[in-house]
Amino acid sequence: MLSLITKSDIVNKQIMNTLINTIKQDLRSKTEQIKSNFQPFAKIQPLPPDKIFHMKALYEACEDKNKADLSIGEYKDGEGKSMVLKVVREVEIDISERDDLTKDYLPIAGDRKFCHYAEKLVFGSKCKALNENRICSVQSIGGTGGVRLAAELIKKCAPKKIIYIPDPTWINHKSIFTRCSLEIREYGYFKNGFDFLHLIKDLKAAEEGSFILLHACAHNPTGTDPMPDEWKQIFDILKEKNITPVFDSAYLGFATGNYQKDALAIREAVSRGIPCLVAQSFSKNLGLYSDRVGCLSVVCDSEKEAENVFSQLKAIIRPMYSNPPTHGSLIAGTIFSNTFLIRKWKSEMKEMSKRIKDMRQLLYRELHRKKTKRSWDQVIQQIGMFSYLDLEKEHIEKLRNEYHIFMSPSGRASISGVNYGNINYIVKSIHQVLENEHFIANR
């Protein structure tokens, strides 16, 4: 009898184990099915690529030997190659041989030495606001990062979150201010040339206490800037209406080859006691594109206000990217703090500016020599890295698709991409596209 009970128990236990295993397998299967059906990003739709970087990618993928990259705002040498400034190479070698450097975090606001010398560069060592400690500065992730920090500060602290931007402007400006929930309004800037009267009209109608984006020099994409007297009239209106300028200063040194001269508009505003925000980039003038070196400075009414703004900027930076990288700011700070090195840097910057000016003249002469349709005066009248060519969308697409010449869809051409090796091909291509056009251009 005992043995029968034992056998029965064993059978029941086996049945129970089988049942439990079946249930476990069923649960595991259902769990895996639930997991496979959980797709939080399944309905996300693709967005179009960034227009400028897409053009660069298309150029790099193009295998045709006859091609030209007039898209992205990077300086190229006379052979069409990216270059590292000699003074930057020299400093990098010295840095690599130092045994006192570590990989410690920078403070939230970045390299203090770098920011100090960046301030002196753009405002001048005799600037009253600087000497009264009314300017606070933080290291930013390039010029773009500086503009973004400025927008975040406006969003967080300004009573009116309205910003006026020029029409046209750099393609990324709208994206930055939209991300920060600022109300964007446009002011007239360019119509077959710099439209000063339209600009003044729109400024007079602008809302008091708002903000305005200004390109410090070498306006992107048009390459046209106000004259010194025109800047003064602009600042008269801004001061009267308590409108705060946000300077995007990406091309200081490229307009004239002189950093201080290109900073004229910024210095004029500060000398008039106008509070302002200044985003500097050292991508172009130092060639530190991949190092993302920038500086945001805020000119305030008092030292106490500057301290308060500085604390707010650090509070914005900390949850965004915590603190900036060291390498690029160390290079820039080393150059800016050494009289000999800064002289070498300014000499190289002048050479880069001169090459771009020379290429403008060359492009202008060759287009005229071939009697290419259109007036090309704007090529030599505009300044800086870009020229706003008198081409329609159809022209630009044809240049890209049939001649492998890549530029922004707006007609913005990076003059740095022109050199003696490709000038004939570029001019020949533009000439043929315009010669064979079958539509009316209204630009």
Side-chain angles (χ1 to χ4, degrees), residues 45-76 80 82 165-175 186 189-193 219-224 356 359-360 362-382 384-419 421-443:
Q45 298 300 309
L47 291 173
D50 179 88
K51 293 177 182 178
I52 304 302
F53 279 92
H54 183 55
M55 286 299 110
K56 183 182 180 183
L58 290 176
Y59 168 79
E60 291 174 348
C62 178
E63 297 180 354
D64 197 289
K65 66 177 183 178
N66 289 319
K67 62 178 184 176
D69 182 14
L70 309 181
S71 62
I72 202 161
E74 290 181 348
Y75 180 80
K76 307 292 183 183
S82 298
I165 66 174
D167 177 24
T169 192
W170 179 44
I171 194 170
N172 215 15
H173 281 144
K174 281 189 177 181
S175 298
E186 293 184 331
Y189 191 88
F190 187 91
K191 187 176 182 181
N192 299 319
H219 179 273
N220 177 7
T222 69
T224 57
I356 291 175
M359 291 304 101
R360 284 186 179 278
L362 180 64
L363 180 61
Y364 172 78
R365 287 199 307 269
E366 291 303 305
L367 286 167
H368 268 275
R369 186 179 65 81
K370 287 188 71 69
K371 298 181 180 179
T372 305
K373 291 180 180 179
R374 305 281 191 277
S375 167
W376 299 100
D377 291 350
Q378 76 276 10
V379 174
I380 54 174
Q381 290 170 351
Q382 295 162 358
M385 189 170 283
F386 302 113
S387 184
Y388 215 38
L389 299 184
D390 188 10
L391 298 172
E392 289 294 320
K393 181 180 178 181
E394 291 85 351
H395 299 137
I396 295 162
E397 289 179 350
K398 194 167 185 178
L399 283 169
R400 179 176 70 248
N401 296 331
E402 298 183 20
Y403 298 89
H404 316 295
I405 295 176
F406 300 85
M407 69 178 77
S408 166
S410 68
R412 187 196 79 168
S414 177
I415 300 299
S416 177
V418 179
N419 56 64
N422 64 18
I423 181 65
N424 289 334
Y425 180 70
I426 291 173
V427 169
K428 177 183 175 182
S429 301
I430 294 174
H431 182 84
Q432 288 179 348
V433 165
L434 293 178
E435 195 71 17
N436 299 325
E437 66 181 345
H438 299 293
F439 50 86
I440 299 174
N442 298 311
R443 196 189 190 91

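Since the structure is predicted, the reported quantities are computational estimates derived from the model, not experimental observations.
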(message) Closer than 3.5 angstrom, by distance alone: can the side chain of R412 be matched with the main-chain N or O of S71 as a donor-acceptor pair?
(response) yes
(request) Indicate yes or no: at least one non-hydrogen side-chain atom of H368 is less than 4.5 angstrom from one of D377. (result) yes
(request) Verify, without hydrogens or angle tests, whether N422 (side chain) and G417 (backbone) share a donor-acceptor contact under 3.5 angstrom. (result) yes
(message) Contact between T224 and Y189 at the side-chain level, heavy atoms closer than 4.5 Å - yes or no?
(response) yes
(request) State whether the side chain of S416 and the backbone N or O of K76 hold a donor-acceptor pair below 3.5 Å, judged by distance alone. (result) yes
(message) Closer than 3.5 angstrom, by distance alone: can the side chain of R374 be matched with the main-chain N or O of D390 as a donor-acceptor pair?
(response) yes
(request) Flag the pair I426 / L399 as yes when at least one side-chain heavy-atom distance between them is below 4.5 Å, and no otherwise. (result) no
(message) Once rounded to the nearest 0.5 Å, what's the spacing between atom NE2 of H404 and atom SG of C62?
(response) 5.0 Å
(message) Working to the nearest 0.5 angstrom, can you tell me the gap between T222 OG1 and Q381 CD?
(response) 12.0 Å
(message) Measuring only between side-chain heavy atoms, which start at C-beta, is Y388 closer than 4.5 Å to Q382?
(response) yes
(message) Ignoring hydrogens and geometry beyond distance, is a side-chain donor-acceptor pair present between S408 and S410 at under 3.5 Å?
(response) yes
(message) For a quick test of reading the model, state the closest non-hydrogen atom pair linking E186 to K174 and the distance between them.
(response) OE2-NZ, 3.0 Å
(message) With rounding to the nearest 0.5 angstrom, report the CD1 to OH distance, I430 to Y425.
(response) 11.0 Å
(message) Within the 4.5 Å heavy-atom criterion, are L362 and M359 side-chain neighbours or not?
(response) yes
(message) Within this structure, what is the NZ-CD1 distance for the pair K67 and I405, rounded to the nearest 0.5 Å?
(response) 12.5 Å
(request) Compare every heavy atom of D50 with every heavy atom of I52, then report the nearest pair and how far apart it is. (result) N-OD2, 3.1 Å
(request) Please tell me if the side chains of L434 and H395 come closer than 4.5 Å, counting only heavy atoms from C-beta onward. (result) yes
(request) Using modelled atom types only, decide if a donor and an acceptor are shared between the side chain of R360 and the backbone of G384 within a distance under 3.5 Å. (result) yes
(message) Does V379 form a side chain to side chain contact (heavy atoms under 4.5 Å, CB included) with L389? I'd like the steps, not just the answer.
(response) CA-CA 7 Å; V379 174; L389 299 184; 3.9 Å; yes
(request) Determine whether K428 and H431 make a side-chain contact, defined as any pair of heavy atoms from C-beta on separated by less than 4.5 Å. (result) no
(request) Rounded to the nearest 0.5 Å, what's the gap from CD on E74 to OG on S414? Could you check? (result) 8.5 Å
(request) Could you tell me the separation between the CD1 atom of I396 and the CZ atom of F406, rounded to the nearest 0.5 Å? (result) 13.5 Å
(message) Checking side chain to side chain contact (heavy atoms under 4.5 Å, CB included) between L58 and each of K56, H54, E60, which is the one that passes?
(response) H54
(message) I'd like to know if the side chain of K370 reaches the main chain of V427, judged simply by a donor and an acceptor atom lying under 3.5 Å from each other, with no hydrogens or angles considered.
(response) no
(message) Strictly distance-based, threshold 3.5 Å: is any side-chain N or O of K398 a donor or acceptor partner for the main-chain N or O of V433?
(response) no
(request) Say whether, by atom type as modelled, one donor and one acceptor occur between the side chain of Y403 and the main chain of A68 under 3.5 angstrom. (result) no
(request) State, to 0.1 Å, how close P221 and F386 come at their nearest heavy-atom pair, and which atoms those are. (result) O-CB, 3.8 Å
(request) Using a 4.5 Å cut-off on heavy atoms from C-beta on, say whether the side chain of F53 contacts that of M55. (result) no
